[in-house]
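To start, the structure under review is shown below, and the notes come after it.
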Amino acid sequence: RCPIKFMHLVEVSTVVLFAMGLDHLLRDVQTAPPQIKKPARPPWRPSPVSVMFVIMAVASALGAALVMLSSRDFAATWGELRAYRPLIALRGPDLLQNMALGLLRASLLAALGAGVVEIGRVLRGRSGVQTWIAIIVCLIVAVDLTTANSRFVKVSDMSSLMEKNDVLRTFDAVPQPFRVAVFHVDGRSPEPVDQDCEMLCFTALSYDLDFVRTPYNVGFSYLGLFQTLGADPIRFWQLTSSAYLFSRRSLINPLAGHPDFQPMASFDTVSDGRGGPGTWRKNPAGKGAYLLLKYNKALPRALVYHDWKSVDANAWTNAPVSNALAASTWNPQKTVLVEGPVSGSPSGAAPTPVSRLNYGRNSVEIEITVASEGVLLLNDFYDTHWDVSVDGKPAPLLRCNSLMRGVKVDAGTHTVQMRFVSPFTPPSRLQVVIMLLLGLLTIVHIVRPPSAGDNTPPADSISQTQHQSGA
């Protein structure tokens, strides 16, 4: 989706490698013994560190060439996302240029790193040179930073993005997990995304609030369902448990009079006085530019259905199922669609609310008491890496309503637990252990006292001493 993000690792790595090159240069110049008589020049062989830098430079340059050669493929991919990720499609050329230039910069830094390592080897034994080298490097860095700051750096206070605003405070009193559908179309600019709403969604992440952005930037998790129900966004909000709708008043004001929607509050964006993106303030008169509505028919986060309908396991994207998801004859508040066969017979009774819901991002615990068997629907994303248990016993995970999770339960009182087990957890833990061991070995190598053999002067120093005594 946005491969430029990997450039952060490349940039940090090349800065570290460049610093290693400077360190080798200064260390060689400072610690080498003074040369009384210029020895015969040995055959030149590159340092292993220089070889590492050269490999990095060549790999980065080839990466930049690959990015430019693949520009047509990138453009085609981003073009397919134009309806749902318009900002990426519009800024595709900038992303390509940033990736190519970032890799070229990495190649340049690696080449400079190789150069300073070899310069350090040439300047070995020349006393006083290291001081001038340090001064020159500091001057070059100062000029470079000053030039970059004047051209590319704009300073602004972005702390308002991390501060809770009046919109988010409105949800503090809501006890159960919910989602907020942000309908952020903007007719004021060529880009169809309302940037104020986009910033609100970004702030909501800091407070673990679940915002669903529609119809743009809907997110890949919701993309298939939204493509199916794009002509009926209200059904989309219902199936995604979007209990609230937030948007510019001019876009959703007609819904304020709908019996299924209830006006909650209105808001305006105001300046924070610090040059940042601004913040949100509640309009006491109810005449704000943005409106918050409560959607009364949104499905709750968890519900036990006693009426279910099985669909083909491979047919969520086929026409019959798509028609079933969007059909006006299907009532999601009474019946749940389940992938594959489900044992038992639906009683057709009204759904049963859950007794307790302890909700977390990676683990969920639900207590239920039901008079007959049913399907517990949890309106959270389906993924095969969720482990499900009912009263401590493993149970099969069901895929419901195209992309939500569910589990079959019998009559009675039960405790259902769902826990997400990431397939990347074991290798990531192994990686952390290896890096900690390498760091520990490095520290031991640096701080350990030198052994007796480490104090033996090098051969060239012995020969120079003998030459002095002979003279």
Which salt bridge (Lys or Arg N to Asp or Glu O under 4.0 Å) pairs, counting each pair once, include a residue from residues 251-270, with sequence neighbours left out? D260-K297
I'd like to know if R169 and D172 make a salt bridge, using a cut-off of under 4.0 Å between side-chain N and carboxylate O. no
Do F171 and Y207 have their ring centres less than 6.0 Å from each other? no
Indicate yes or no for a side-chain donor-acceptor contact from S422 to the backbone of F424 under 3.5 Å, with no hydrogens or angles considered. yes
R405 vs D383, test: salt bridge (Lys or Arg N to Asp or Glu O under 4.0 Å). Steps then yes/no. CA-CA 8 Å; R405 302 198 299 273; D383 191 281; over 6 Å; no
Does the plane of the ring in Y290 sit parallel, tilted or perpendicular to the ring in F246? Use 30° and 60° as the thresholds. parallel
With rounding to the nearest 0.5 angstrom, report the NZ to OG1 distance, K164 to T203. 11.5 Å
Compute both the distance and the angle, then confirm whether R301 meets the cation-pi test with Y359: under 6.0 Å from the six-membered ring centre, within 45 degrees of the axis. yes
Between L325 and R235 the two heavy atoms that sit nearest each other are O-NH1, 2.6 Å
Ring centroid separation Y244 to F178 under 6.0 Å: yes
Lys/Arg-Asp/Glu bridge criterion (N-O < 4.0 Å) met for K408, D410: yes
Non-hydrogen atoms of D312 and E339 that approach each other most closely: O-CG, 4.2 Å
When the ring centroid of W280 is compared with that of F267, is the distance short of 6.0 Å? no
Any side-chain donor near an acceptor of the partner, T335 and D307, under 3.5 Å: yes
Looking only at side-chain N and O atoms, does S372 offer a donor or acceptor that is under 3.5 Å from a partner on H306? yes
